[in-house]
Amino acid sequence: MTDELLAVEGLESGYGQLQVLWGVELHLHEGETVVLLGSNGAGKTTLLKTLLGLICAWHGSIRFKGEEITHLPTDARVRRGIVYMSEMGVFPDLSIEDNLDIGTQFLPRHEAKERITGLYEIFPDLGHRRREAAGSLSGGQRKMLGVAKALAAKPHLLVMDEPSAGLSPLFVKEVVQVLAGFHRAPDLSLLIAEQNVTFLEIADRVYTLDGGRIGFNGSVGEARENDAIRRAYFGLK
Ligand code: ATP
């Protein structure tokens, strides 16, 4: 495989007295798409927020492109190319274009304009409605705006928190299709926290998180054959 982009070792964090993550090990290579499967309350959001510095790491280390970033502030991580897409993803009261502008806030101005023009080519519906409030979009379109806003930042690593949340199966497929267009792009890696196995279609590797601990780590083929994963996520006996 190619160079290592993200190396998480022995990571622990939580809220106040509540420890959520226990010795998490996770590695991601350049251009790779990794799906982190976990049920409600498994600690997916906590892990992603700790990667971004939105929650402090208690123990362990996070390295990005070989640099220790465990205790860097969030904006410094974003400037290095790690971008977080939350379940909400967009500001509903702002226009579509203002949302994308926010996405580009750390890019030089001339590059920001170019980036947004390029995104309107990928997401033409957003271009046509650029002056409208994000809140006027349907759930599926809003999610597309969330993806576009995250991509506007020109991430090297896009960290997505349950992109399927609140979407019908049809829209989930649309989101997966859009992301498939970026799969194996050499300068973009995806870490997708999900319970929805549709995202395995675009994954290179799979981790499971259970009670704040990494369980399974392997290829998509191995995940599909794993009895515990089949029972927990595919609803199979
Ligand atoms: P979900 O899909 O339900 O969000 P998740 O896998 O993302 O699940 P987390 O949101 O990381 O899980 O939650 C892990 C644990 O941390 C849960 O027990 C949850 O109740 C707890 N938790 C989450 N946020 C907070 C918070 N702000 N303060 C205290 N405990 C929290």
Discussion item. In this structure, would Ile116 and Leu107 fall into the same cluster of hydrophobic residues linked by side-chain contacts under 4.5 Å?
Written reply: no

Item to complete: Check side-chain hydrogen bond (donor to acceptor under 3.5 Å, both in side chains) between Ser39 and all other residues, then give those that pass, not counting sequence neighbours.
Response: none

Practice prompt. Indicate, with yes or no, if Leu48 and Trp22 share a hydrophobic cluster defined by side-chain heavy-atom contacts under 4.5 Å among Ile, Leu, Val, Met, Phe, Trp and Tyr.
Written response: no

Fill in: Val34 and Val206, any side-chain heavy atoms less than 4.5 Å apart
no

Item to complete: Would you name the heavy atoms of Val90 and Ala134 that are closest together and state the gap between them?
Response: CG2-CB, 4.2 Å

Discussion item. Under the side chain to side chain donor-acceptor pair (under 3.5 Å) definition, can you give me all pairs with a residue in residues 49-60, not counting sequence neighbours?
Written reply: Ser13-Thr50

Response to the item:
With sequence neighbours left out, the residues meeting salt bridge (Lys or Arg N to Asp or Glu O under 4.0 Å) with Arg213 are none

Worksheet entry | Heavy-atom check, side chain of Leu179 versus side chain of Ile192, under 4.5 Å | yes

Fill in: Leu170: partners by side chain to side chain contact (heavy atoms under 4.5 Å, CB included), with sequence neighbours left out
Ser168

Fill in: Gap separating the CD atom of Gln141 from the CZ atom of Phe123, nearest 0.5 angstrom
12.0 Å

Worksheet item: About how many Å separate OG1 of Thr46 and CG of Leu54, when rounded to the nearest 0.5 Å?
Response: 11.0 Å

Practice prompt. Mark yes or no for whether Glu32, through its side chain, and His29, through its backbone, hold a donor-acceptor pair below 3.5 Å.
Written response: yes

Item to complete: For the pair Leu157 and Leu6, evaluate side-chain contact (heavy atoms from CB on, under 4.5 Å) and give the outcome as yes or no after the intermediate values.
Response: CA-CA 9 Å; Leu157 173 60; Leu6 179 75; 4.0 Å; yes

Discussion item. Quick one, Leu72 and Arg80 - any side-chain contact, counting heavy atoms below 4.5 Å?
Written reply: yes

Item to complete: Before giving the answer on salt bridge (charged side-chain N to carboxylate O under 4.0 Å, His left out), spell out for Glu9 and Arg63 the whole-Å C-alpha distance, their side-chain angles and the decisive distance to 0.1 Å.
Response: CA-CA 9 Å; Glu9 278 163 9; Arg63 273 180 290 122; 3.4 Å; yes

Item to complete: Give every residue pair that meets the side chain to side chain donor-acceptor pair (under 3.5 Å) criterion with at least one member in residues 144-162, sequence neighbours excluded.
Response: Lys44-Glu162, Thr45-Asp161, Lys65-His156, Tyr84-Asp161, Glu111-Lys154

Worksheet item: How would you list, by chain and number, every residue that makes a salt bridge (Lys or Arg N to Asp or Glu O under 4.0 Å) with Arg115, sequence neighbours excluded?
Response: none

Discussion item. Please give me the minimum heavy-atom distance between Gly43 and Leu21, naming the atom from each residue.
Written reply: O-CD2, 3.7 Å

Worksheet entry | Worked check of side-chain contact (heavy atoms from CB on, under 4.5 Å) between Asn226 and Tyr233 | CA-CA 11 Å; Asn226 181 284; Tyr233 300 100; over 6 Å; no

Fill in: Among Asn217, Thr33, Val220, side chain to side chain contact (heavy atoms under 4.5 Å, CB included) partner for Arg205
Asn217

Worksheet item: Does the side chain of Ile62 come within less than 4.5 Å of Arg77's, by heavy atoms?
Response: yes

Worksheet item: Under 4.5 Å between any side-chain heavy atoms of Phe199 and Val172, yes or no?
Response: yes

Item to complete: Scan residues 93-108 for pairs that pass side chain to side chain donor-acceptor pair (under 3.5 Å), counting only residues two or more places apart or in two chains.
Response: Ser95-Asp98, Glu97-Tyr120

Item to complete: Please assess Met160 against Leu158 for the test side-chain contact (heavy atoms from CB on, under 4.5 Å), listing each intermediate value before the final yes or no.
Response: CA-CA 6 Å; Met160 308 179 90; Leu158 177 52; 3.8 Å; yes

Item to complete: Run through Leu191, Ile55, Leu36 and flag the one making a side chain to side chain contact (heavy atoms under 4.5 Å, CB included) with Leu47.
Response: Leu36

Worksheet entry | Residues which pass side-chain hydrogen bond (donor to acceptor under 3.5 Å, both in side chains) with Glu12, listed by chain and number, not counting sequence neighbours | Gln19

Practice prompt. Of all the heavy-atom pairs spanning Pro155 and Ala150, show the shortest one and how long it is.
Written response: CD-O, 3.5 Å

Worksheet, complete the sentence: All heavy atoms of Asn196 vs all of Ser164, minimum pair found to be CB-OG, 3.7 Å

Worksheet item: Taking C-beta and beyond as the side chain, do Val176 and Ile202 meet within less than 4.5 Å on heavy atoms?
Response: yes

Worksheet entry | Side-chain touch Leu37/Leu209, heavy atoms, less than 4.5 angstrom | no

Worksheet item: Would you say Leu126 and Arg130 make side-chain contact, with heavy atoms under 4.5 Å?
Response: no

Discussion item. Tell me if a side-chain donor or acceptor on Arg129 pairs with a main-chain N or O of Asp125 at a distance below 3.5 Å.
Written reply: no

Worksheet item: With sequence neighbours excluded, what pairs up with Gln195 under the side-chain hydrogen bond (donor to acceptor under 3.5 Å, both in side chains) test?
Response: Asn40

Item to complete: Report the C-alpha separation of Ile82 and Val78 in whole Å, then their side-chain angles, then the decisive distance to 0.1 Å, and conclude whether the side-chain contact (heavy atoms from CB on, under 4.5 Å) test is met.
Response: CA-CA 5 Å; Ile82 310 179; Val78 176; over 6 Å; no

Worksheet, complete the sentence: When rounded to the nearest 0.5 Å, the distance separating CG of Asp204 from OG of Ser219 is 10.0 Å

Practice prompt. With sequence neighbours excluded, tell me which residues meet side-chain hydrogen bond (donor to acceptor under 3.5 Å, both in side chains) with Asp75.
Written response: none

Worksheet item: Got a sec, which hydrophobics cluster with Ile102, joining ILVMFWY side chains under 4.5 Å apart, including via others?
Response: Phe91, Leu94

Worksheet item: Side chains of Thr117 and Glu114: donor-acceptor distance under 3.5 Å anywhere?
Response: no

Discussion item. Under the rule for salt bridge (Lys or Arg N to Asp or Glu O under 4.0 Å), what residues qualify as partners of Arg224, not counting sequence neighbours?
Written reply: none

Discussion item. Looking at every heavy atom in both Glu25 and Tyr207, which two are closest together, and how far apart are they?
Written reply: O-CE2, 3.7 Å

Worksheet entry | Non-hydrogen atoms of Gly31 and Ser189 that approach each other most closely | N-OG, 2.8 Å

